[in-house]
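Fair warning: this is a prediction, and the values are worked out from it, not measured in the lab.
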Amino acid sequence: MTERDQQFMQRALDLAGLGMYTTSPNPRVGCVIVSGDTVVGEGYHQKAGGPHAEVHALQMAGIKTIGSTVYVTLEPCAHTGLTPPCVNALLQARPARVVIAMIDPNPSTTGQGVDQLRAAGIEVDVGVLERQARELNIGFISRMTRDRPWVRLKVAASLDGRTALAGGESQWITGEAARQDGHRWRARACAILTGLGTIKHDNPQLTAREVMTDRQPLRVVVDSRLQIPLDARVLGPGCLVAAAGVDVHRTVAIRALGAEVMVMPAQNGQVDVLAILQELARRGCNEVHVEAGYRLNGSLLAAGVVDELLIYFAPCVLGDTAHGMFQLPPLMELSARQHFKIEDVQKIGEDLRILARI
């Protein structure tokens, strides 16, 4: 891996990031074509169903692709989906070399693009800035390899780890800058997951309003007994209510508002959270962003389905009577505690944002 390879691959990654809010359920992919030391073509996957990154770049480069080096953040697809295989377009364009950040994790095509390129005599190098490429598509990788989305649990808390007063009031603990930042994380997700308690106390819309995007995530409410108020702002098209049992009258009323009701497998009268995630994966959800109360947060953490925590700490304290971040069974010994690794710490406005992973 040369410095030159890293430079052009970084450009391809930057391009891929332009599709952060729009490519779902597809991965975010960027492509740069270089002839000599000159970029002759570049592009990124903009929207599911539209041309892939390689196609945009090849159209720009034209015949200059012959003998060039192509940098692409994900292995060119070798299967036919909504669009033809990108590897075929590359073979026809006849580059001398293709540099790939990471192999496609999709089991239906993984490795096939590389094999076809090499069989045609094209030099292929894999693994340039792979870590950055994986980070960009962490949800897509999760869905392809684990059959469930990547789960990011967002919490806004005081310095003493409290998320709401005893009566449920929580708006607003953190400042405006943190709330705007939270909307960017919402926008990149395929679904936003919450519980009935949050709907009753905060009546949120659960939309990404601080980001310029024409795609809104699916809004998912875990409501085991279908007790959601019919005037809840979250109800409407693009909302899924996950229940643990059948209530025909409530179901009809909720569906009349444009929302979907789905009866999920249950455990002890509560919706099986893993079953919800598996259903969301089946629907093509790569990333799930959780904004819930301490009870559902605890259930998700106890079930072992949380991949990372996104915590905003506000410079205030609320005291012991306020709700914590997670309702969990008591630990008998410290060795049973859940361990996280802090990946990133940033100050957002007056608040502190921590990203931690299992």
With side-chain contact (heavy atoms from CB on, under 4.5 Å) as the criterion, how do R179 and T174 come out once you've worked through the C-alpha distance, each side chain's angles and the decisive distance to 0.1 Å?
CA-CA 7 Å; R179 295 197 296 274; T174 53; 4.1 Å; yes

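- The number of heavy atoms from other shown groups lying within 6.0 Å of CZ (R283) is above 12.
- Between the side chain of R219 and the backbone N or O of P237, at least one donor-acceptor pair lies under 3.5 Å.
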Run I228 and V234 through side-chain contact (heavy atoms from CB on, under 4.5 Å) and show every step you take.
CA-CA 10 Å; I228 188 169; V234 74; 3.9 Å; yes

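- Side-chain atoms of M144 and P27, non-hydrogen and from C-beta on, never get closer than 4.5 Å to each other.
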side-chain hydrogen bond (donor to acceptor under 3.5 Å, both in side chains) assessment of E3 paired with Q7:
CA-CA 6 Å; E3 184 176 342; Q7 173 190 343; over 6 Å; no

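- Between R250 and L230 there is a side-chain heavy-atom pair separated by less than 4.5 Å.
- Annotation: the span from E42 atom CD to H56 atom NE2 amounts to 12.0 Å, rounded to 0.5 Å.
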Can you list the steps and then say if Y312 with K154 is a side-chain contact (heavy atoms from CB on, under 4.5 Å)?
CA-CA 8 Å; Y312 296 86; K154 178 253 183 181; 3.9 Å; yes

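- Side-chain contact check for H52 versus C77: some heavy-atom pair is nearer than 4.5 Å.
- For the residue pair Q10/Q6, the side-chain donor-acceptor check at 3.5 Å is not satisfied.
- Here E279 pairs with R282 in a salt bridge; the nearest charged N to carboxylate O distance falls below 4.0 Å.
- Judged by distance alone, with hydrogens and angles left aside, the side-chain atoms of D351 form a donor-acceptor pair with the main-chain N or O of G175 at under 3.5 Å.
- Ring geometry for Y294 against H323 counts as parallel: the plane angle stays under 30°, on a 0 to 90° scale with 60° as the upper cut.
- Side-chain contact check for E291 and H289: at least one donor-acceptor pair (N or O, by modelled atom type) lies under 3.5 Å.
- Around CG of L331, the count of heavy atoms belonging to other residues, nucleotides or ligands within 6.0 Å exceeds 12.
- A donor-acceptor pair under 3.5 Å is absent between the side-chain atoms of Q216 and the main chain of T207, judged by distance alone.
- For M20, the side chain to side chain contact (heavy atoms under 4.5 Å, CB included) criterion is met by R28, L136, R188, not counting sequence neighbours.
- Inter-residue side-chain proximity for L74 and P105 is flagged as met; some heavy-atom pair is nearer than 4.5 Å.
- Salt-bridge formation is not detected for the pair R152/E343: no Lys NZ or Arg NE/NH1/NH2 atom is positioned less than 4.0 Å from an Asp or Glu carboxylate oxygen.
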CA sep, side-chain torsions, deciding dist, call: L193, V273, side-chain contact (heavy atoms from CB on, under 4.5 Å)
CA-CA 10 Å; L193 181 72; V273 292; over 6 Å; no

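- Neither side chain, R215 nor T213, offers a donor N or O lying under 3.5 Å from an acceptor on the other.
- Considering only heavy atoms from C-beta on, L117 comes within 4.5 Å of V87 through its side chain.
- With T110 contributing its side chain and D104 its backbone, the two residues share a donor-acceptor pair below 3.5 Å.
- Scanning all heavy atoms of the two residues, the minimum distance from P76 to L90 falls at CG-CD1, 3.4 Å.
- The side-chain heavy atoms of P95 and S68, taken from C-beta on, include a pair separated by under 4.5 Å.
- Shortest non-hydrogen contact noted between G284 and C190 is O-SG, 4.3 Å.
- Rounding to the nearest 0.5 Å places CG of L153 at 8.0 Å from CD1 of I311.
- A pairwise comparison of heavy atoms in T163 and I173 identifies O-CD1, 3.0 Å as the closest pair.
- Taking CD1 of I199 as the start and CG of L235 as the end, the distance is 7.5 Å to the nearest 0.5 Å.
- One finds no salt bridge joining D14 and R11 here, because no Lys/Arg side-chain nitrogen approaches an Asp/Glu carboxylate oxygen to under 4.0 Å.
- Residue I138 comes nearest to E287 through the heavy atom pair CG2-OE2, 4.2 Å, listed as atom of the first residue, atom of the second, then distance.
- One hydrophobic cluster holds both V288 and L240 under the rule that ILVMFWY side chains link at heavy-atom gaps under 4.5 Å.
- Note that CG of N26 is 12.5 Å distant from CD of Q46, once rounded to the nearest 0.5 Å.
- Between the side chain of T198 and the backbone N or O of G293 there is at least one donor-acceptor pair closer than 3.5 Å.
- Under a 3.5 Å cut-off, the side chain of T109 and the backbone N or O of A78 do form a donor-acceptor pair.
- One hydrophobic cluster, built from ILVMFWY side chains closer than 4.5 Å, cannot hold both I192 and V211; they sit in different ones.
- Scanning all heavy atoms of the two residues, the minimum distance from A191 to L280 falls at CB-CD1, 4.4 Å.
- Taking hydrophobic clusters as Ile, Leu, Val, Met, Phe, Trp and Tyr residues chained together by side-chain heavy-atom distances below 4.5 Å, L18 shares a cluster with Y21.
- In terms of hydrophobic clustering, with Ile, Leu, Val, Met, Phe, Trp and Tyr side chains grouped at heavy-atom distances under 4.5 Å, L274 and V290 are assigned to a common cluster.
- Here the CD1-CG distance, from I103 to N106, works out to 12.5 Å after rounding to the nearest 0.5 Å.
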Return all side-chain donor-acceptor pairs below 3.5 angstrom for residues 126-134, not counting sequence neighbours, or 'none' if the list is empty.
none

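- A salt bridge links D307 with R148: the closest approach of a Lys/Arg side-chain nitrogen to an acidic carboxylate oxygen falls below 4.0 angstrom.
- Hydrophobic clustering places I33 together with V72 (ILVMFWY residues linked when any side-chain heavy atoms are closer than 4.5 Å, directly or through intermediates).
- Taking the side chain as every heavy atom from C-beta outward, R184 and E210 never approach each other to under 4.5 Å.
- In terms of modelled atom types and a separation under 3.5 Å, the side chain of T73 and the main chain of L13 share no donor-acceptor contact.
- With a 4.5 Å cut-off on side-chain heavy atoms, Q92 and L58 do not count as touching.
- Scanning both residues, P229 and L196, for their nearest heavy atoms gives CD-CD1, 4.4 Å.
- Between the D125 side chain and the V99 main chain, no donor and acceptor come within less than 3.5 Å of each other.
- In this structure, R162 contributes its side chain and V317 its backbone to no donor-acceptor pair below 3.5 Å.
- Between the side chain of D147 and the backbone N or O of A281, no donor-acceptor pair lies under 3.5 Å.
- More than 12 heavy atoms of other shown residues, nucleotides or ligands fall within 6.0 angstrom of atom CD in Q205.
- Between the CG atom of D223 and the CE atom of M264 there is a distance of 13.5 Å, given to the nearest 0.5 Å.
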